[in-house]
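Here is the structure we will look at, set down as structure tokens.
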Amino acid sequence: MSEVDPDEDNGVPELARANPRHLSTEDFLRFERYAAEMLGSLGLDLSSPGARETPRRFVRAFFDATQGYDGDPKLVTTFKTECHGGPDCELSQVIEGPIPFFALCEHHALPFHGNVYVGYIAHEHIIGLSKLTRLVRLFARRFTVQERMGQQIAQTLQEILEPHGVAVYIEAHHTCTQMRGVRELTPSTRTSFWRGHYEENPALRQEFLRMTTPTPR
Ligand SMILES: [Zn+2]
Ligand SMILES: [Zn+2]
């Protein structure tokens, strides 16, 4: 017997619900003027053929890169499994990745990018790789930080699948530090998040980390 989704909104978790931003044409035109003033003052030659349209493209690129705020109601498509709560079920991991992402650091509004690995111990539902990619994009295409992104991915996957455990591992390069010549002590920033069985079982965490084997750079 599978459980009925407890959520009223067709099982779409709060964080993933569609909530489209409303920006008018006037808003965009105003933002383009702000961008032109800023970029021009910094040194961009706005009269050159290559840069004439840059303020418009700049605003548009930021709008597209933050689409995660619009939500993703198509996220929730899960498949049934045959879990009956046996010991086998509670130990076998599904691990997906690398799932590449691009996000904007909320401190500098500059990109950080890398890979996400997702692991879970399925109970009655599993989810396809394409939906996991959507899940990662939902929280990456925002102004965010690596820690929050990982927590939101883990929490939403927990709500969608109600699995026995969730693991999320993220390795990312932060252009805000790299571009400005701040010396990085490590080649990438790595964070991990554990829910359910992963929290209590170090062997599961080790297996997950071994199988995700981040490539050293
Ligand atoms: Zn930053
Ligand atoms: Zn189960």
Side-chain angles (χ1 to χ4, degrees), residues 1-7 11 35 38-39 42 58 61-66 68-69 76-96 100-116 118-128 131-132 136-137 139-168 170-191 194-201 203-205 207-208 217:
M1 280 254 301
S2 64
E3 285 171 26
V4 178
D5 259 313
D7 228 313
M38 184 182 82
L39 296 170
L42 290 174
F58 179 79
F62 267 88
F63 184 74
D64 292 345
T66 51
Y69 290 116
V76 184
T77 311
T78 60
F79 306 99
K80 297 259 185 295
T81 66
E82 295 294 310
C83 176
H84 303 291
D88 286 357
C89 155
E90 303 211 356
L91 287 173
S92 66
Q93 303 191 42
V94 180
I95 297 176
E96 300 275 16
F101 75 90
F102 289 84
L104 291 172
C105 137
E106 73 175 9
H107 304 122
H108 302 91
L110 288 170
F112 65 96
H113 60 95
N115 290 310
V116 179
V118 176
Y120 62 92
I121 301 159
H123 180 42
E124 292 178 338
H125 298 92
I126 55 173
I127 189 167
K131 298 294 177 182
L132 282 176
V136 167
R137 285 188 186 149
F139 296 116
R141 289 183 178 171
R142 297 173 184 227
F143 298 104
T144 188
V145 292
Q146 199 169 323
E147 288 76 12
R148 185 186 313 129
M149 203 183 114
Q151 281 160 6
Q152 289 175 326
I153 292 168
Q155 184 190 325
T156 305
L157 194 62
Q158 182 75 41
E159 288 178 35
I160 293 172
L161 291 180
E162 299 179 337
H164 294 296
V166 173
V168 176
I170 304 177
E171 53 171 0
H173 295 275
H174 291 251
T175 57
C176 56
T177 51
Q178 290 171 330
M179 284 173 68
R180 297 178 306 145
V182 181
R183 193 157 168 238
E184 283 202 318
L185 297 175
T186 51
S188 61
T189 306
R190 296 166 179 187
T191 45
W194 314 108
R195 297 277 190 282
H197 285 9
Y198 287 98
E199 288 178 287
E200 303 128 33
N201 189 338
L204 276 174
R205 296 200 292 271
E207 187 189 346
F208 172 76
R217 264 168 225 147

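Starting from 1, each residue takes its place in the sequence as its number. Both ligands and their constituent atoms are indexed starting at 1 by order of listing. Atoms considered below: every heavy atom in the structure, side chains included; atoms not considered: hydrogens, waters and symmetry mates.
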(message) Under 3.5 Å, is there a donor on one side chain and an acceptor on the other for His164 and His123?
(response) yes
(message) Checking Phe139 now: which residues fulfil ring-ring contact (aromatic ring centres under 6.0 Å, His included) with it, not counting sequence neighbours?
(response) none
(request) Measure across His174 and Ala172 and return the closest heavy-atom pair with its distance rounded to 0.1 Å. (result) CD2-O, 3.8 Å
(message) Please give me the protein atoms (N, O or S only) lying under 2.8 Å from the Zn ion (ligand 1), ordered by chain and number.
(response) Cys105 SG, His108 ND1, Cys176 SG
(request) Using the test side-chain hydrogen bond (donor to acceptor under 3.5 Å, both in side chains), find all partners of Gln155 that sit at least two apart in sequence or belong to another chain. (result) Glu159
(request) Kindly give the atom name of the N, O or S atom of His123 closest to the Zn ion (ligand 2). (result) ND1
(message) Restricting to side-chain hydrogen bond (donor to acceptor under 3.5 Å, both in side chains), what partner residues turn up for Glu106, sequence neighbours left out?
(response) Arg148
(message) Tell me whether the rings of Phe143 and Phe62 are parallel (<30°), tilted (30 to 60°) or perpendicular (>60°).
(response) parallel
